[in-house]
Structure formats: C-alpha cells, structure tokens
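Everything below concerns the one structure shown next.
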Amino acid sequence: MTKPLTAVSLVALAAVWTLPLHAQSIKTQDKADPRRANSAKILQETNPEEKTGGKDDEKQIDDSYQPKGIELGSFLLLPQIEVSEGYNSNIYARSTDKKSDFITRIAPEFQLRSRFTNHMLNISARAEQSLFATYTDDNHLDASTNVAGRYDFSRDWEGTGSFDAYQTYEDRGSPDAVNGKSPTRTYGFGGRTGTKYQVGRYTFSGEVNGARRLFGDVDTSTGTTIDNSDRDRNEFGAMGRGSYEMFPGYAAVAQVEVNRRQYDSSRDRAGYNRSSSGWRAETGIGVDITQLVRGDFLVGYLKQDYEDSRFKDPSGLALKSVLNWTPNRMTVVALSLERSVQETITLNASGMIHTGASVLIRHEMQRNIILTGTASVFQDDFKGANQTNWTYDTRVRAVYALQPELYVGGEVGFRRRTSDKPDVGFSQGVALLRIGARM
C-alpha cells in the first residue's frame, strides 16, 4: 500500500511563503453579479450544499480585511497556513469506554485564481496534518487538490470542468468505520465536465462525471489486518437539467440524473455483489430574487438497482432543496434538505438511504468578525439490515480578523447518534482554537 504523505510535505507546501508580496489589493470574485454592480457587499453562502466544516469562514470577512495576494500575471496567488488546537471528548465515537484527547492540526493551503476578462481557471491545494497528544495511532494527514475552469463560448453559453484528487481518513463516527487500530485511509480522484446554455426564458445544462475511490487496509489491536479492497470502486454519473423562467425570479425546473457504481471485487467480504445502477428524476421551482432569496425546491423519485438479487433495492421519494436567504447585508441563512442513496458495507444492507436537513446562519457582527451557527439532523436507513441511525450535530464558530494577513477563531460543537442497533450510538463534544496567517 502506498505510504501516506508525511509532515515533510507540509514544509514543501508552506514554501509559498517565500514568494514576494505585492501591495495592490485585487478583487478575487470569479463573476460579479451585474444586478449589484454599484451596491455594497452582501454576505452570502455560495453553496449551502457544501459542508466545509468552517474551513472557509475567514474568506467571508469583509473585502477590506481580505489579504492582498501575490500577483502572478493574470493570476492571483493566495497562500495561507492555519494552526489549531482542539479537544475531542470521544475520539473513537464509542457508546462506552470513551477516550478523549487533544489534537493539534497544521493546515497549509493555497489558491491560484485567474483574473481574465472572460473565462476562469482556479487551482487550489490543501493539506491538514492531525497530531493526537495521547492516541498517536490516529495521527494522519489529509490532502486535496482541485483544478476548476470555465470557458465562455458566448454571453449565453459556457462550458465548465474540474478535476479533484484527495487523500483523507474515514471519520471514526462513520457508519462504515471498521474500528481498526488507526482510521481507514481513503483516497482517489475524479472529474466532471458540463455546459450551460440560455436562450430566452429557457436554460439548459448538462454534466458528466466520474470518480475512482480506494480504501486502504488497516491493522487491528490483535495483530490482524482488515482488507478493505472490496470497497474499491469506480463511480460514473450524468445529469440533465432544464428550466423555464415563468416570470422574473421564478423558474420551473426539471432534472434527471443517472449513475453507475462498479466495484472492483465481484463479491465483498460477506459474499455480496455491491455493483449497481441508479437514477432519479425531480421537478420543482428555482428561485433567484436579486440575491435576497436564491434556491431550488425539487421533489421526485429515485431508485438504485443492485446486481445481487438478495439485496432489497432502495427506491422512493427524492428530495433536493437548497435555500440561500439574505434578510440583510450582514446575515445569510442557508437551508438544505436532501434524500439520496449512499454506499455502505453494513452486513445485509444494499444501500443507505440518507435523508439530511441542515441550517446555517452566518452573521457579520463587524467588518472583521464573522459568527456562524449550524444545526443538522440526518437519518440513515440501511435497506435490508433493519437498522436506522439518527445523527444530530450543532456547531458555533467565530472568526476575528486582526488584520488582513492574520485571523483567530474558535469553535464548539456537539454530535449525538442514536440507533436501533446496539453499540452504534454515541455522543461527542469538540472545542478548538485556531490562528491563521495569509497573504
């Protein structure tokens, strides 16, 4: 198995700090909304579906407290490094025999943003080294990189594409955690390409995507090894979407998605064939009212067909709704609700129907202080395994920019899971302090 990256990689990534700093401040938005060209900045949550865990909170601070960056021709380089010290009351996410620990995290990253008149090309990379004070077997390094681009064929037609590569470690609280001596390493890569075309009141868009997902083996405390190769798989998908603007700010929307999940192994550790094909079709309303309210409200039907005849195929109601409400220039409320089929290795379960609802409230207390609160609830229904988990999570975060190049922050959170299966439920409290430097 390929060895994970070491802390030496952090030194290489942090080398961007030796580059020269230019004095001129540059706007870094990809595309400004022409409807608000002469208005003050409005606090927004770009995509409420994305769950960054607070990694981007400092980027929401007012432009006057944003770093100047380093000019590289038609690009702007934005390097950053963050160090945090945290406490977790239940690092193994257990119902009994709980273990607590302090965790130090060191996270360098950079973003390279284009400043073309048309088109866009952005590159980013991030590493996060986690060091446990007592239970050092859980030390790990997460890393990811992303390349995203947009080509403007015309004012009404654009093409997009992106590529991602990652290494991360499975959360100890994951429903599929195998409880090894160390967390399970997961890594892979993927890409997507799409297009969007607008003609009159009609907008049409489509996308194809693919991903390779791999899972490392882990040792146990008894000296045996857990083979996770039966989780390795390829995933492919395609999406088509059409909308018609019935009147300004409101559109009727129809969307269809298909997917294929192909496992490397014809049989998993329990003798099941987990490869499957699925689809979902939804319709609803899209809302876009001058940045005051933006969102989708879609409902429909989904189905996932597994190749193993012993599995019960998940099907039923499909939901996908997101709402970005800006009641004033300093506050945003982001709501999301989704029901989807996700993969699992739980014995006798074909797939996991995941239903999640969340709310995020972000408030600009001052130009250099951002407060964020989140609350979420998730239901995981394991089809065929007679198991249902409920997970509740609340977080409160704050970021304070001392100056454009330096910020501090803090977070407290609580997570609780209940289940009708013994020893699956747990409760977990976290707290951390963070300090970051950027250019």
The side chain to side chain contact (heavy atoms under 4.5 Å, CB included) partners of Ser100 (sequence neighbours excluded) come to Tyr87
Is it true that the side chains of Asp380 and Gln342 contain a donor and an acceptor less than 3.5 Å apart? no
Residue pair Ser174 / Asp171, side-chain donor-acceptor N/O under 3.5 Å: no
Taken in chain and number order and not counting sequence neighbours, the residues that satisfy side chain to side chain contact (heavy atoms under 4.5 Å, CB included) with Asn386 are none
Go through the side-chain N and O atoms of Arg150 and Thr160 and say whether any donor and acceptor fall under 3.5 Å apart. no
Applying ring pair (Phe, Tyr, Trp, His ring centres under 6.0 Å) to Phe236 and not counting sequence neighbours gives none
Heavy-atom nearest pair, Ser114 first then Met120, reads OG-CA, 3.4 Å
For this session: Please check if any side-chain donor atom of His354 sits under 3.5 Å from a side-chain acceptor atom of Ser340, or the reverse.
Result: no
Residues at least two apart in sequence or cross-chain that pass ring pair (Phe, Tyr, Trp, His ring centres under 6.0 Å) with Tyr392, listed by chain then number, are none
- Within a radius of less than 6.0 Å around CH2 of Trp279, do more than 12 heavy atoms belonging to other residues, nucleotides or ligands occur? yes
query: Taking atom types as modelled and ignoring hydrogens, do the side chains of Tyr263 and Glu307 form a donor-acceptor contact shorter than 3.5 angstrom?
result: no
Side chains of Val293 and Leu323, heavy atoms from C-beta outward: is any pair under 4.5 Å?
yes
query: Without hydrogens or angle criteria, can the side chains of Ser419 and Asn389 be said to hold a donor-acceptor pair below 3.5 Å?
result: yes
Residue set satisfying side chain to side chain contact (heavy atoms under 4.5 Å, CB included) with Ile226, at least two apart, ordered chain then number -> Val178, Val218, Thr220, Asn228, Arg269
Is it the case that over 12 heavy atoms from other parts of the model lie below 6.0 angstrom from the OH atom of Tyr301? yes
Main-chain N/O of His140 paired with Gln129 side-chain donor or acceptor, under 3.5 Å: yes
key: Any Gln304 side-chain heavy atom under 4.5 Å of Ser350 side chain   = no
Is the shortest heavy-atom distance from the side chain of Arg126 to the side chain of Tyr166 under 4.5 Å?
-> no
Side chains of Ser277 and Asp305: any donor to acceptor distance under 3.5 Å? no
Side-chain heavy atoms of Thr388 within contact of Gln379, under 4.5 Å: yes
Only residue of Thr374, Thr372, Val412, Leu360 satisfying side chain to side chain contact (heavy atoms under 4.5 Å, CB included) with Arg395 is Thr374
Under 4.0 Å between a side-chain nitrogen and a carboxylate oxygen: does that hold for Glu245 and Arg201?
no
is_close_aromatic(Phe204, Tyr244), centroid dist under 6.0 Å = no
Exactly one candidate in Glu411, Glu128, Glu82, Glu85 meets salt bridge (Lys or Arg N to Asp or Glu O under 4.0 Å) with Arg105; the answer is Glu128
Does any non-hydrogen side-chain atom of Val208 lie less than 4.5 Å from one of Thr193?
yes
Cation-pi geometry met for Arg185 and Tyr187 (6.0 Å, 45°): yes
Practice task
Measure the shortest side-chain to side-chain distance between Leu319 and Glu338 over non-hydrogen atoms and say whether it is less than 4.5 angstrom.
Solution key: no
Gln262 and Ser275: side chain donor to acceptor below 3.5 Å: yes
Problem - Phe75 backbone acceptor or donor facing Arg115 side chain under 3.5 Å - result: yes
Residues passing the salt bridge (charged side-chain N to carboxylate O under 4.0 Å, His left out) test with Asp268, sequence neighbours excluded, are Arg274
Decide whether Arg241 and Gln255 meet the rule of one side-chain donor and one side-chain acceptor closer than 3.5 Å. yes
